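Here the structure comes first, spelled out in structure tokens, and everything after it is commentary.
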Amino acid sequence: MKFFRLLLLFVFVQVSAQQGGMWIPSLLNGMNESEMKNLGMKISADEIYSVNHSSMKDAVPQFDGGCTAEVISDKGLILTNHHCGYSAIQKQSTVEHDYLTDGFWAYKMQDELPSAGVVAMFVVRIEDVTTKVMEGVASLSSEAEKQKKIQDNITALTNSLPKEAWQENKIKNFYDGNQYLLFVTETYKDVRLVGAPPSSIGKFGSDTDNWVWPRHTGDFSLFRIYADKNNHPAAYAADNVPYKPKYFFPISIKGIKENDFTMVMGYPGTTTEYLPAVAVEQIVNTSDPAKVEIRDATLKVLDRFMRKDNAIKIQYASKYSRIANAWKKWIGETKGLKKSNAVAAKQKFEAAFQDKVIKAGKQAEYGNLLSDFEKNYAEIKDYALARDYFNEVVTRNAEILSVGYKLYQLEQLLSTKGEQAFTDRKNTLSTGIGDFYKDYNVEVDRTVFEQLINLYATKSPKQFLPSVLNSIDATKVTTDVFDNSKLTSLNGFKELLDGDTKTIIEKLNNDKGYQLVKAMADAYSKNIAPKYDEINLRNIATQRTYMKAILELSPKSARIFPDANSTLRVTYGKVKSYKPNDGVTYEPFTYLDGVMEKYIPGDYEFDVPQKLIDLYNQKDYGAYGSKGKMPLAFIATNHTTGGNSGSPALDAKGNLIGLNFDRVWEGTMSDVFYSPEICRNIMVDIRYVLFVVDKFAGAENLIQEMKIISTKRKR
Ligand code: ARG
Ligand code: GLU
């Protein structure tokens, strides 16, 4: 009995240790493949990535720069998140056709809506080009020279390495600059909107439910890729044809159980898993709390105005979502890092690392890395904090400052690039700025500004403040700026930019709002940025050597994955419940019943369309229901981050079973420190997606295109 318990424990430790990490699809052979098979995978690494035949990677494009999609038919039909297609859906909407509110479905291909600007990028092949990128670098002495040489090599190689005329070469840096990989890609530019559920399904729960489990969001939308007659990328043309993919995913509606194998392929954006303890300590205690405080103040004001004025709600809804998304993530991240004792765990790792350095006799090379980090991070702390304040307050949350900062950059352009550049930028600004003012409310901004300028003056490091912000009276500054500045309206803005260059510069410099932005931006570029950049460059160099040492001194079997960098990755794990807190366990599945539990008629976050209520009442779930219920979302231990939105969730055989769209709040620290105990990604169940397409929208035309695998009936 005892022996069996021990064996079980051993197996458990092995299994839980095998999760986490975002792996390079071309390098899965070996350790990853055997881990994946241990976890239950039934296919081979060669079916995921191959250059010799079609493979799964051929069905996973990056969508619109920041998300992921997957091909689900031989006619170029792709699936991504509703929140990834959001701006494309919004752009198609007019007063008569509000596709965000009502949804959109193309029942014939001719009805699909060209979405200018939306692109889908496929990876053709991946090659290691480290030696070529590092040529001539080692002999250089300063970090700045090395960086420049690397950049020059990358530019030269990008232009010279072989590719077809319709492809692109991209070289990306892995393991903090210890490895460089070439990605040959194909970017399709004619992408059309095919289907989107109403926001009351696609964005159900909105910001209240964002980052939270249990979840009930049908976060999906459908697009189609079009190609020229040779199946190559082409700009939109009416006679382009549906793209013929090298591979597309079969869809399984057989259902999933806890502990089933899952994997996710996609384009995760950024993680920082190998930071030293000092850096993590600064995230937890300094940077996250400062950014959270600034956004907290902003969001409270927006919420107050949005609740009492519908026009303001429409103007600020998407800004609110954007500001709240990172805000909520940082709060969860801080809590998770504290709770999992990430700093202590890093310190323990570092003590062991230092031992290994000594044992390997590598003190000369690696012995000072940790003390260098200590020094660098102590030195950069105030600069980094001041930079956070500047970025958050000036460039993001106080709108009058953000718009003023655009004009500051315009004035800078005149001195750096000359009058033609100035005029060009001025013209782009003047045409584009209408969109900004359309959603601008001066009372809202005034209230936000007063709070934020006060935070800036009292909480950002004092030594770098411009003199105008030394001992300020926030109310007085606010009145001064908002009663006098022309930046508070579109007409005022246009007036400022009217006239010849000299007149414009004069007018700008006489404007109270502009004067304040300029004082803040000058102080930033003089007192903060140069020193920050200098220390940061040292940190980058130290981090590169640290990563090199970790790779060199770890056993071959160690699970060391490169940080996310918006390149194609594979992560794998199991469908799994979790315990966020003592006495609480979250089940891994949700159902349509939960939508009805959360339903608040007329509410902008929790309203439910009548048709969905009817289907629920009739339990009319077609082939997609399970045991009388409609499965909706599920969680697993896949290690994902921003950019993985829309990523395919696949079963042991590589069939599509869901669509990644979020993580659980308690586990958002996985960007810095992954723990299989509480880190979970959230996926919408493919059966719910198909139920909405088929039963809710009646878009059988789309269902016909797909290859659906079910236990109930063969198609
Ligand atoms: N948290 C998800 C991701 O980072 C979804 C964001 C969109 N939804 C929202 N309610 N803001 O990006
Ligand atoms: N919602 C995120 C995205 O847009 C994915 C969730 C995450 O950060 O894990 O990419």
Side-chain angles (χ1 to χ4, degrees), residues 20-22 60-70 79-90 100 196-197 199-213 215-221 262 264-273 295 299 302-303 306 316-333 336 563-569 571 573 598 603-606 633 635-649 658-674 678-684:
M22 305 160 165
V60 188
Q62 187 180 47
F63 182 83
D64 211 14
C67 281
T68 305
E70 52 276 354
L79 192 54
T80 187
N81 286 148
H82 186 264
H83 79 261
C84 295
Y86 197 84
S87 74
I89 305 166
Q90 184 170 42
L100 280 177
S199 293
S200 52
I201 290 177
K203 212 185 170 199
F204 182 77
S206 192
D207 295 310
T208 300
D209 270 9
N210 191 25
W211 298 114
V212 168
W213 185 254
R215 194 62 161 278
H216 299 89
T217 315
D219 198 344
F220 79 92
S221 57
T262 68
V264 167
M265 285 180 89
Y267 296 81
T270 313
T271 58
T272 48
E273 312 278 347
R295 292 198 179 199
L299 291 167
L302 300 195
D303 183 67
M306 284 163 71
Y316 279 81
S318 119
K319 287 187 247 189
Y320 187 95
S321 280
R322 186 173 42 75
I323 298 168
N325 194 37
W327 164 80
K328 200 163 174 183
K329 195 207 108 174
W330 291 324
I331 298 174
E333 180 174 271
D563 270 317
N565 59 357
S566 296
T567 60
L568 185 60
R569 302 295 179 92
T571 171
K598 288 176 175 173
D603 185 78
Y604 85 99
E605 297 191 306
F606 294 101
I635 50 175
T637 59
N638 299 303
H639 188 176
T640 53
T641 189
N644 269 124
S645 275
S647 294
L659 202 53
N660 184 76
F661 71 99
D662 212 359
R663 272 174 291 165
V664 305
W665 199 50
E666 296 84 358
T668 50
M669 86 246 186
S670 64
D671 287 348
V672 181
F673 186 71
Y674 174 87
I678 52 170
C679 295
R680 296 288 179 273
N681 69 315
I682 306 181
M683 295 150 284
V684 55

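Just follow the structure's listing: the first ligand is 1, and inside any ligand the first atom is 1. Everything numeric here is computed off the predicted structure, so don't read it as measured data. Because only heavy atoms are used, hydrogens play no part in the values below, and waters and symmetry mates are left out as well, while side chains stay in.
- Here Cys679 pairs with nothing under the disulfide (SG to SG under 2.5 Å) rule; sequence neighbours left out.
- Judged by distance alone, with hydrogens and angles left aside, the side-chain atoms of Ser206 form no donor-acceptor pair with the main-chain N or O of Phe606 at under 3.5 Å.
- A heavy-atom distance below 4.5 Å is found between the side chains of Thr68 and Val60.
- Within 4.0 Å of ligand 1, contacts by protein heavy atoms are made from His83, Ser206, Asp207, Asn210, Trp211, Ser321, Asn325, Phe661, Asp662.
- Listed by chain and number, the residues in a salt bridge (charged side-chain N to carboxylate O under 4.0 Å, His left out) with Asp603 amount to none (sequence neighbours excluded).
- Side-chain contact annotation: Asn325 with Trp211, donor-acceptor N/O pair under 3.5 Å present.
- Protein residues lining ligand 2, listed by chain and number: His83, Trp211, Thr640, Thr641, Gly642, Gly643, Asn644, Ser645, Phe661, Asp662, Arg663 [non-hydrogen atoms, distance under 4.0 Å].
- Side-chain N or O atoms of Asn660 include one that pairs as donor or acceptor with a backbone N or O of Asn644 at under 3.5 Å.
- Between Ile323 and Leu302 there is a side-chain heavy-atom pair separated by less than 4.5 Å.
- Counting only N and O atoms by type, the side chains of Asn638 and Thr640 include no donor and acceptor under 3.5 Å apart.
- Side chains of Asp209 and His216: a donor-acceptor N/O pair is absent below 3.5 angstrom, by distance only.
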